[in-house]
Amino acid sequence: DAKTTQPNSMESNEEEPVHLPCNHSTISGTDYIHWYRQLPSQGPEYVIHGLTSNVNNRMASLAIAEDRKSSTLILHRATLRDAAVYYCILRPYGQNFVFGPGTRLSVLP
Amino acid sequence: DVKVTQSSRYLVKRTGEKVFLECVQDMDHENMFWYRQDPGLGLRLIYFSYDVKMKEKGDIPEGYSVSREKKERFSLILESASTNQTSMYLCASSPTSQGLETQYFGPGTRLLVL
């Protein structure tokens, strides 16, 4: 399975943008980049995914490097409710997910 | 909103007991999954199912079995619970129409085996 590397933890101040990095230097051409997050005492929830181009949705933006060896999840304005573990996952189309340990994001008021 | 529900949030069982964990989804999704989550190990896939009466082994199926008699329900069975099966168990579903890109998770069942 293709692997991702994320920082164990990050801190952000409320109402400021947050950039969560993910390295995936062994990515292959068919691997999609997915981000999920897990709020305390809940199951993971989908955030965003992409293949080659940057993606935006109501929750976040995904910036993918030109060589696809890294990506960044951008929360434009962090709120206290965004405190969670964020998982960056590589997945070939149609195959199963492999969740790593993720990045624990703390949001300070 | 998609809803995935799990029968219990917390469960305490004794070693050797047979344990049933139930998962129900209300969005007519074809695909359903069982994961376990342990500190430092992330989520690991136990079993999944692409259709009624179909099942496929995930990465760690040993000690578990599953049942999918109806499309909306996917059960995880611990035939003889052991202490190393103490964990958080998460169920998920996804529609085939989205190419498995989006999985919807339940709240989890925290199982303690004594």
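Below, chain A is the first sequence line, B the second, and so on; all start at residue 1. These numbers come from a predicted model, not from an experiment.
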### Message
Please classify the contact between B:Gln37 and chain A as side chain, backbone, both or neither, with a heavy-atom cut-off of under 4.5 Å.
### Response
side chain
### Query
Would you call B:Tyr35 and B:Gln103 a side-chain contact if the rule is heavy atoms closer than 4.5 Å?
yes
### Task
Would you give the length of the straight line joining atom OG of B:Ser65 to atom CD of B:Glu79, rounded to the nearest 0.5 angstrom?
4.0 Å
### Query
Do NZ/NE/NH1/NH2 and the carboxylate oxygens of A:Asp31 and A:Arg68 come within less than 4.0 Å?
no
Check residues 13-21 of chain A and write down every donor-acceptor pair under 3.5 Å in which the side-chain atom is one partner and the other belongs to a residue at least two apart or another chain.
none

Donor-acceptor contacts, no H, no angles, side chain residues 101-109 of chain A, under 3.5 Å, sequence neighbours left out:
from: A:Thr103; atom 1: OG1; to: A:Gln6; atom 2: NE2; distance (Å): 3.4
from: A:Thr103; atom 1: OG1; to: A:Pro7; atom 2: O; distance (Å): 2.6

### Task
Could you list which of residues 40-47 of chain B have a heavy atom closer than 4.5 Å to any heavy atom of chain A, in residue-number order?
B:Leu41, B:Gly42, B:Leu43, B:Leu45
### Task
Go through the structure and list residues passing salt bridge (Lys or Arg N to Asp or Glu O under 4.0 Å) with B:Arg9, not counting sequence neighbours.
none
